[in-house]
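Have a look at the structure below, then the notes.
Hydrogens, waters and symmetry mates play no part in the numbers below; they use all other heavy atoms, side chains included. A note on names: the letters A, B, ... follow the listed sequences, proteins ahead of strands, and every chain is numbered from 1. What you see is a predicted model; the values in this text were computed from it and never measured.
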Amino acid sequence: MSAYSLEELRHSASHVMAEAVQRLFPEAKFAIGPAIENGFYYDFDLPRPLTPEDLEEISRLMQESIKARHPFEREEVSRQEAEQIFGDQPYKLELIRDLPPEEPISIYRHGAFTDLCRGPHVANTGDLRWDAFALLNTAGAYWRGDEKRPMLQRIYGTIFPSKQELKAYLDQLEEIQRRDHRRLGRELDLFSLHEEAGPGLVYWHPKGGRIRTIIEDFWRMRHYEGGYEILYTPHIGRSWLWETSGHLDFYSEGMYAPMEIDEQKYYIKPMNCPFHIMIYNTDVRSYRELPLRWAELGTVYRYERSGVLHGLLRVRGFTQDDAHIICTPEQIEDEILEVLRFSLRLWRDMGFENVVAYLATRPEKAVGEPERWEQALVSLRKALETERVSYKIDEGGGAFYGPKIDLKIKDALGREWQMTTIQFDFNEPERFDMKYTGADGQEHRPYMVHRALLGSLERFFGVLIEHYGGAFPVWFAPVQVQLIPIADRHIAFADEVLARLKAAGLRVEVDDSGDRMNAKIRKAQLQKIPYMLVIGDREAETGSVSVRLRTNENLGAMSVDDFVARATGIVARRENYNL
RNA sequence: GCCCAAGUAGCUCAGUAGGUAGAGCACAUUCUUGGUAAGAAUGAGGUCAUGGGUUCGAAUCCCAUCUUGGGCUCCA
């Protein structure tokens, strides 16, 4: 076992990889090669694009270097020496120029390769295991992440202390692929996207629609319980609305181009807030009415750059589970706390237990009085601390119009997804001149908070699919029960069972195809249907059903009533799994 | 938007000295009525992403466009 940290292993492996690339391309220019969360990468400027064969060759050369047991040697050099050593390496020269003058410049050598590097590294390339690393893929990456600077070629790889750990990681990557929502969306017939009909626009199929309905119904129920009212607003609005909100000034790149009707420009909405504000401003508001909590499943369209679209996770048309909370300064702490609680509870109900919060504070350019920012921040921080949510501070990461909490949700594979956002808005209340009359008879500016909990239904659906690997909890499952008559003569009894299960509120289908029972089971199994009820002579005679679970467990025969009691109980308790 | 790769039947994919396309699954019809993850036969199904070009001839070579994938940048 290695005594080195993963970081040391990975950073060292990136040097070994760079050495291999240098052997393959003597004219290569080197940029940077750090260790990252799950591995390492190195960026190169190369004379031609890399091919998969190149990666194999680079792997082979790396193995050679590891087996050759080159020691890593650290040396401190003067700035002048460094500039000489890296005289033909423009990216390294740029890095050297940007190093703070007081910091010593260190270089690391192993074999014939020398790199500008702070270290630390393993003592010897032989401390890396030749069978525990893998080069994963190549990609383009801008020098210093700046899209105006040259595009370099990046190679991603990873290394672990042992072969077993590498294998576990590669297995996990495979599992991620198996759970990919784009793949499951097709296999389970949940949704589709159509390039010919417009990229980034989602089509929900009947089974996806079922799940969406369940989510929406549950969402509405919870919101009414939580003191929200539900709004419906238009999908388009005249340019006046977007000029007033400021979106045309600072967000027009993200909006679909306007259409012209009666010599007026109409824009498809990228956000719901101005519409909610229109409703607020239909009346003179009193502090007695506040807080107002107005929610909408609002479908918006945003122009996302073509390269960023990704399945359901990044789309151009989506439905936000949006809400705006409008309240007085005195109410703000309670309201924020309540939103956070409400959100955490919703996530638990959906089967997500782990959340991490990010608290984003005032950026340099911002609107709104500092006292309001301060009060907002205090209320956000207090809510997180009261609910004992671990959080990180994102200094200056707030929007120009207000501070926010973002919640990242951890899925079954430990991946974090940014879903929930709770944001103050000091911009639009000003622009739309929102007010209320206080107890003092004076006009006041209310606080307004935007919040989207699931984020967008599309994105949430994508994460939900991957979280459960398509095996949805019974209360979500589009088909909960598959009836499997063994032969045609059993269809009549199956139809009877169908009627009884439907009457009990279960989503159930009969497989009356000419397939054999084995094939019917296989189909249901692949569709990840929680319950399969086999119905043959024995069951028809005794009025029972034979219950099989998608976990491959066979519960044997039980009466239809017993099955209904069992299944409806699990649905009512919203249990995540089907046992 | 940028770099690289890819686009052949509904799906997964084969099809390189350029000679008008193939498999498995799915689908349809027929036979089979079978106790816990694939019964059998037959059949239908493709302007090889789109538009140009080279050629006697293009799925195959070249160019452009669109889309998808892996990343980068972006995500007030």
Side-chain angles (χ1 to χ4, degrees), chain A residues 41 43 45-46 48-52 54 136-156 177 180 182-183 186-187 189 192-200 245-255 270-271 273 302-311 313-314 316 360 363 365-367 397-402 404 406 418 421 423 425 427-428 450 455 459 482 484-491 512-527 532-539 546-550 552-557:
Chain A
Y41 69 78
D43 288 344
D45 194 344
L46 300 176
R48 64 166 174 83
L50 287 164
T51 63
D54 292 331
L136 300 172
N137 52 348
T138 61
Y142 298 110
W143 167 234
R144 298 199 138 178
D146 183 343
E147 63 181 319
K148 293 186 184 64
R149 313 219 43 194
M151 177 68 77
L152 306 173
Q153 295 194 62
R154 175 172 297 179
I155 303 178
Y156 282 99
Q177 267 187 9
D180 189 309
R182 293 166 297 183
R183 171 179 175 160
R186 144 135 295 293
E187 289 174 359
D189 198 15
S192 57
L193 298 151
H194 302 271
E195 53 175 274
E196 65 276 32
S245 71
H247 286 96
L248 281 181
D249 283 342
F250 49 75
Y251 195 68
S252 59
E253 295 225 329
M255 293 170 71
M271 296 181 187
C273 23
R302 297 181 185 174
Y303 174 73
E304 300 287 354
R305 297 167 85 179
S306 59
V308 307
L309 299 177
H310 178 90
L313 299 180
R314 195 73 184 274
R316 285 183 175 162
K365 274 188 73 178
V367 301
F400 76 84
Y401 52 78
K404 63 175 178 178
D406 286 336
Q418 209 255 284
T421 185
Q423 316 190 337
D425 189 342
N427 180 52
E428 286 178 292
H450 309 267
R459 184 177 155 78
Q482 182 70 261
I484 299 181
I486 291 178
D488 288 352
R489 65 177 178 281
H490 307 122
I491 290 178
D512 56 3
S513 69
D515 286 330
R516 296 180 57 196
M517 179 202 63
N518 285 337
K520 291 178 182 180
I521 287 175
R522 179 162 197 273
K523 278 194 293 182
Q525 204 60 58
L526 290 174
Q527 288 297 304
M532 285 153 263
L533 305 189
V534 175
I535 292 170
D537 288 333
R538 295 203 291 267
E539 289 76 14
S546 186
V547 181
R548 180 194 162 98
L549 306 180
R550 64 183 162 192
N552 281 332
E553 271 177 277
N554 192 341
L555 301 186

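- Take A:Arg154 and apply the salt bridge (Lys or Arg N to Asp or Glu O under 4.0 Å) test, not counting sequence neighbours, and it matches A:Asp43.
- With sequence neighbours left out, A:Arg302 forms a salt bridge (Lys or Arg N to Asp or Glu O under 4.0 Å) with no residue at all.
- Under the Watson-Crick or G-U wobble criterion, with both distances below 3.5 Å, B:rA9 is left unpaired in every strand shown.
- For RNA chain B, the contact window with chain A, defined by any atom under 4.0 Å from a protein heavy atom, covers B:rG1 to B:rA76 in 5' to 3' order.
- Residues passing the side-chain contact (heavy atoms from CB on, under 4.5 Å) test with A:Ala399, sequence neighbours excluded: A:Tyr401.
- Residues passing the side chain to side chain donor-acceptor pair (under 3.5 Å) test with A:Asp515, sequence neighbours excluded: A:Ser513, A:Lys523.
- Shown here are the side-chain contact (heavy atoms from CB on, under 4.5 Å) partners of A:Ile486, two or more places apart in sequence or in another chain: A:His490, A:Met517, A:Val534.
- As rounded to the nearest Å, B:rA49 and B:rA59 have C1' atoms that lie 12 Å from one another.
- With sequence neighbours excluded, the residues satisfying salt bridge (Lys or Arg N to Asp or Glu O under 4.0 Å) with A:Asp54 are A:Arg48.
- Nucleotide B:rG19 forms a pair with B:rC56, judged by Watson-Crick or G-U wobble geometry with both contacts under 3.5 Å.
- Every residue two or more places apart in sequence or in another chain was checked for a side chain to side chain donor-acceptor pair (under 3.5 Å) with A:Arg186, and none qualifies.
- Contacts between residues 246-254 of chain A and RNA chain B, defined by a heavy-atom separation under 4.0 Å, are made by A:His247, A:Phe250.
- Nucleotide B:rC72 is matched to B:rG1 when pairs are restricted to Watson-Crick or G-U wobble geometry with both distances under 3.5 angstrom.
- With both ends at atom P, the span from B:rU54 to B:rU60 equals 15 Å, rounded to whole Å.
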